[in-house]
Amino acid sequence: MDLLRQIVDVFLHIDRHLAELTRDWGALTNLVLFVVVFCETGLVVTPFLPGDSLLFTAGALASLGSLNLGVLVLVLSAAAVLGDTANYWIGKKIGPRAFDGSVKFLKQEHLRKTEAFYEKHGKKTIILARFVPIVRTFAPFVAGVGSMRYGVFLAYNVIGGVAWVLICVLAGYFFGNIPVVKRNFSLAILAIIAISMVPLAVEAWKARRVRSPEPDRAA
């Protein structure tokens, strides 16, 4: 039971355990990273998995020589694009039932938030959502439920997936090598996690303002 708990903890918080994993597994760590990123982007039931912080940590470890940067970018880009592709077709299969509450494992709150994101940003959502936790996982699913053609979706998917991986991994690669970051690596990762949550907090704050009725000034 303890072993199972440890495995689950590593899977859920792999961004914090990545250095140990790389030390013990070497190049096979790329396979683990592929699975986690694929699940985080491709399965609507796992939006809680690490995304931005994981890519940043992997890039920082690549700067130390623990992982090959070229292989890392290729593996993570493939995982991001294939994950969104799988999510799109799952949404296509489930269809409008996603929004009527009959599919129990779907959180209606996340679906509505992603739908609002689409209304504001249109097709660019596929790219922009890559940098917004939770929305990142639900955007391709909602695209599949909706009327977006697969060819259009695929183009935005590839651009967004590669851009997300490059920006986050290269940020880790270049900034993770700075002495002060090396000395405070755990704090740096926590900071990245906090920063990655800012867009979600802003969207939630905006949504709350929209729902809140204006005070009656005439009263």
Side-chain angles (χ1 to χ4, degrees), residues 8-9 11-16 33-58 76-77 79-94 96-101 103-146 148 153 156-157 159-165 167-169 171 189-211:
V8 171
D9 179 63
F11 188 71
L12 294 180
H13 306 290
I14 188 173
D15 48 342
R16 302 176 195 170
L33 290 171
F34 179 94
V35 171
V36 174
V37 171
F38 178 88
C39 290
E40 198 260 352
T41 58
L43 304 176
V44 290
V45 294
T46 52
F48 49 79
L49 290 174
D52 304 335
S53 60
L54 177 61
L55 301 188
F56 181 89
T57 305
L76 293 178
S77 295
V81 172
L82 291 174
D84 263 29
T85 298
N87 216 340
Y88 173 91
W89 288 111
I90 292 171
K92 203 80 170 174
K93 180 71 174 176
I94 293 177
R97 289 181 297 139
F99 287 92
D100 66 13
V103 185
K104 300 302 181 184
F105 62 81
L106 293 175
K107 286 195 173 184
Q108 295 298 307
E109 175 191 353
H110 293 162
L111 284 171
R112 301 299 177 192
K113 189 175 294 181
T114 306
E115 193 177 36
F117 206 91
Y118 266 105
E119 289 176 3
K120 181 177 181 181
H121 300 289
K123 295 172 184 176
K124 296 193 299 295
T125 294
I126 301 299
I127 297 175
L128 299 176
R130 289 287 187 178
F131 302 90
V132 184
I134 306 297
V135 176
R136 172 169 56 240
T137 305
F138 280 81
F141 179 86
V142 173
V145 173
M148 186 180 294
F153 168 81
Y156 283 96
N157 177 20
I159 293 170
V162 173
W164 178 53
V165 169
I167 289 172
C168 293
V169 169
I189 297 306
L190 289 174
I192 292 295
I193 294 173
I195 291 171
S196 70
M197 294 301 292
V198 169
L200 187 61
V202 170
E203 289 299 323
W205 179 74
K206 287 181 179 178
R208 182 174 297 179
R209 278 181 61 102
V210 170
R211 288 197 301 267

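Heads up: numbering here begins at 1 and tracks the sequence. Just so we're clear, the structure is a prediction, and the values are computed from it rather than from any experiment.
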Checklist entry - With sequence neighbours excluded, what pairs up with Glu115 under the side chain to side chain donor-acceptor pair (under 3.5 Å) test? => result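 Checked Glu115 against side chain to side chain donor-acceptor pair (under 3.5 Å); zero matches.
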Item to check | Thr85: side chain to side chain donor-acceptor pair (under 3.5 Å) partners, not counting sequence neighbours | outcome: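 With sequence neighbours excluded, Thr85 shows a side chain to side chain donor-acceptor pair (under 3.5 Å) to Asn157, given in chain and number order.
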Distance in Å, [X] [atom1] paired with [Y] [atom2], rounded so as to fall on 0.5 Å steps:
X      : Y      : atom1 : atom2 : answer
Trp164 : Arg136 : CH2   : CZ    : 4.5 Å
Lys124 : Ile126 : NZ    : CD1   : 12.0 Å
Leu76  : Leu54  : CG    : CG    : 7.0 Å

Identify the two heavy atoms, one from [X] and one from [Y], that lie closest to each other, and give their separation to 0.1 Å.
X      : Y      : result
Tyr118 : Ala143 : OH-CB, 3.2 Å
Phe131 : Asp52  : O-OD2, 4.3 Å
Val37  : Ala80  : CG1-N, 3.9 Å
Ala79  : Thr41  : O-OG1, 3.8 Å
Thr125 : Ala139 : CG2-CB, 4.1 Å
Ile90  : Gly42  : CD1-O, 3.8 Å

Checklist entry - With no hydrogens and no angle check, is any side-chain donor or acceptor of Thr46 less than 3.5 Å from a backbone partner on Leu43? => result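 Checked: pair present.
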Checklist entry - Who are the side chain to side chain contact (heavy atoms under 4.5 Å, CB included) partners of Val44, not counting sequence neighbours? => result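 Per chain and number, Val44 pairs via side chain to side chain contact (heavy atoms under 4.5 Å, CB included) with Asn87, Phe105, Leu106, Phe138, Phe141.
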Checklist entry - Excluding sequence neighbours, so at least two apart, what forms side chain to side chain contact (heavy atoms under 4.5 Å, CB included) with Lys92? => result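 Result, side chain to side chain contact (heavy atoms under 4.5 Å, CB included) vs Lys92: Tyr88, Trp89.
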Item to check | With Phe34 via ring pair (Phe, Tyr, Trp, His ring centres under 6.0 Å) - residues at least two apart | outcome: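 Checked Phe34 against ring pair (Phe, Tyr, Trp, His ring centres under 6.0 Å); zero matches.
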Next on the checklist: Can you list everything that forms a salt bridge (Lys or Arg N to Asp or Glu O under 4.0 Å) with Arg130? Sequence neighbours excluded, please.
Outcome noted: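 Testing Arg130 for salt bridge (Lys or Arg N to Asp or Glu O under 4.0 Å), a comparison that skips the adjacent residues, returns Asp84.
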Next on the checklist: Show, in sequence, the C-alpha distance, side-chain angles and deciding distance for Leu111 and Val142, and conclude whether the side chain to side chain contact (heavy atoms under 4.5 Å, CB included) test is met.
Outcome noted: CA-CA 7 Å; Leu111 284 171; Val142 173; 4.0 Å; yes
